[in-house]
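Here's the structure we're looking at; comments come further down.
Bear in mind that the values here come from a model prediction, so they are computed numbers and not experimental data. When a ligand or atom number is given, it counts from 1 through the structure's own listing order.
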Amino acid sequence: MSSDLQFGVAAGSTTEPPRIIAPLPQLLFSARSRRFAALAEGHVLGDWLRFLGRLTQAQHEALSAQENLPLPDATALDRARNHGMPPLPAQHWPRAAAWRTALSHMLGFLNTADVPQAVQHSCDRLAVASVAQLETLADRVLRTEYFGEDVELLPFVAAALQIYWTALAAALGSAGKKDIPTLDVPGVCPCCGALPVASVVRSTAEASNLRYLHCSLCNTEWNLVRVKCAACDGTGKIAYQCVAGSNLQNAAAMRAETCDECKSYLKILYLEQAPDGDPVADDLATLGLDMLVDAAGYSRAGPNLLFVPGSG
Ligand SMILES: [Zn+2]
Ligand SMILES: [Zn+2]
């Protein structure tokens, strides 16, 4: 299945390409899970990618079990639009207990899977953690503070927060994309304010050859013109790197877009070359590319919340 089917492109309303592509919750995580499983075959990090496939499938199951969530009311949406602020801000939105329900569903699904002992240990600790401990871990994820004590728990907490924010973004996106403003800062998600995990060059009729940034938290995509730095807006010193001579099946489809003005980079996935590609899964299957551009002095412009940097 093409990744383009994972997203709710507004059907046939105008010839304008969509500015925002909301996530389709029924398809997104299950397609990502299949992509992780496919990328795991013959990969040096195959066991880890296969586990992430199971984690992502658990996200799918837990998302399917989510109840209807409260969304911002008309006043809050107006305020967000008038101030050019994201309507579901990651760090300030009063998150409901539903994200913790999603976590416990997800851990339940993982529990029945054959998972490594270290993963089982993390799941057991999260299962007995207090509400206050879980909320503190969630705050660390949403500030992208991936260091310090209990850092190995953060990808699981992040996975649960992704379920919750994806459900919110999908509901808001299907209610009307006009509620999602255009921000002054093009490099952050207009729905939740989080940073992008990667960009995607789409190949559908509606969005042919257009580049979208893909949110690391809520899985919303937003349009940004090609050959432009997501971190500093610069256009003058952009270059593209890929791992030469690699036999990874996604190596040619996933490149690093580097910017010499701010010395940052973000990966870019060309779906024409990998129709089943997924920005989160293909990102983690190309950590060698990160090592290459890190060594050349560039810093990554957005996180992959399922990965603790330095642990790969
Ligand atoms: Zn977002
Ligand atoms: Zn830049």
Is the number of heavy atoms from other residues, nucleotides or ligands within 6.0 Å of CG (Asn68) greater than 12?
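Open: at most 12 neighbouring heavy atoms sit under 6.0 Å from CG of Asn68.
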
Give a yes or no on this: more than 12 heavy atoms of other residues, nucleotides or ligands lie within 6.0 Å of atom CD of Glu145.
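Result for CD/Glu145: enclosed.
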
Side-chain (Arg95) to main-chain (Glu135) donor-acceptor, under 3.5 angstrom
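Yes: the side chain of Arg95 pairs with the backbone of Glu135.
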
Arg79: what forms a salt bridge (Lys or Arg N to Asp or Glu O under 4.0 Å) with it, not counting sequence neighbours?
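Per chain and number, Arg79 pairs via salt bridge (Lys or Arg N to Asp or Glu O under 4.0 Å) with no residue.
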
Is it true that [X] and [Y] make a salt bridge, defined as a side-chain N closer than 4.0 Å to a carboxylate O?
| X | Y | result |
| --- | --- | --- |
| Arg140 | Asp150 | no |
| Lys267 | Asp290 | yes |
| Lys228 | Glu257 | no |

Residue and atom names of protein N/O/S atoms that fall under 2.8 Å from the Zn ion (ligand 2):
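Counting only protein N, O or S atoms under 2.8 Å from the Zn ion (ligand 2), the list reads Cys229 SG, Cys232 SG, Cys259 SG, Cys262 SG.
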
Strictly under 2.8 Å, is the Zn ion (ligand 1) approached by any N, O or S atom of Cys215?
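Coordinating: yes.
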
At the Zn ion (ligand 1), what's the angle from Cys189 SG to Cys218 SG, rounded to 10 degrees?
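Nearest ten degrees: 100°.
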
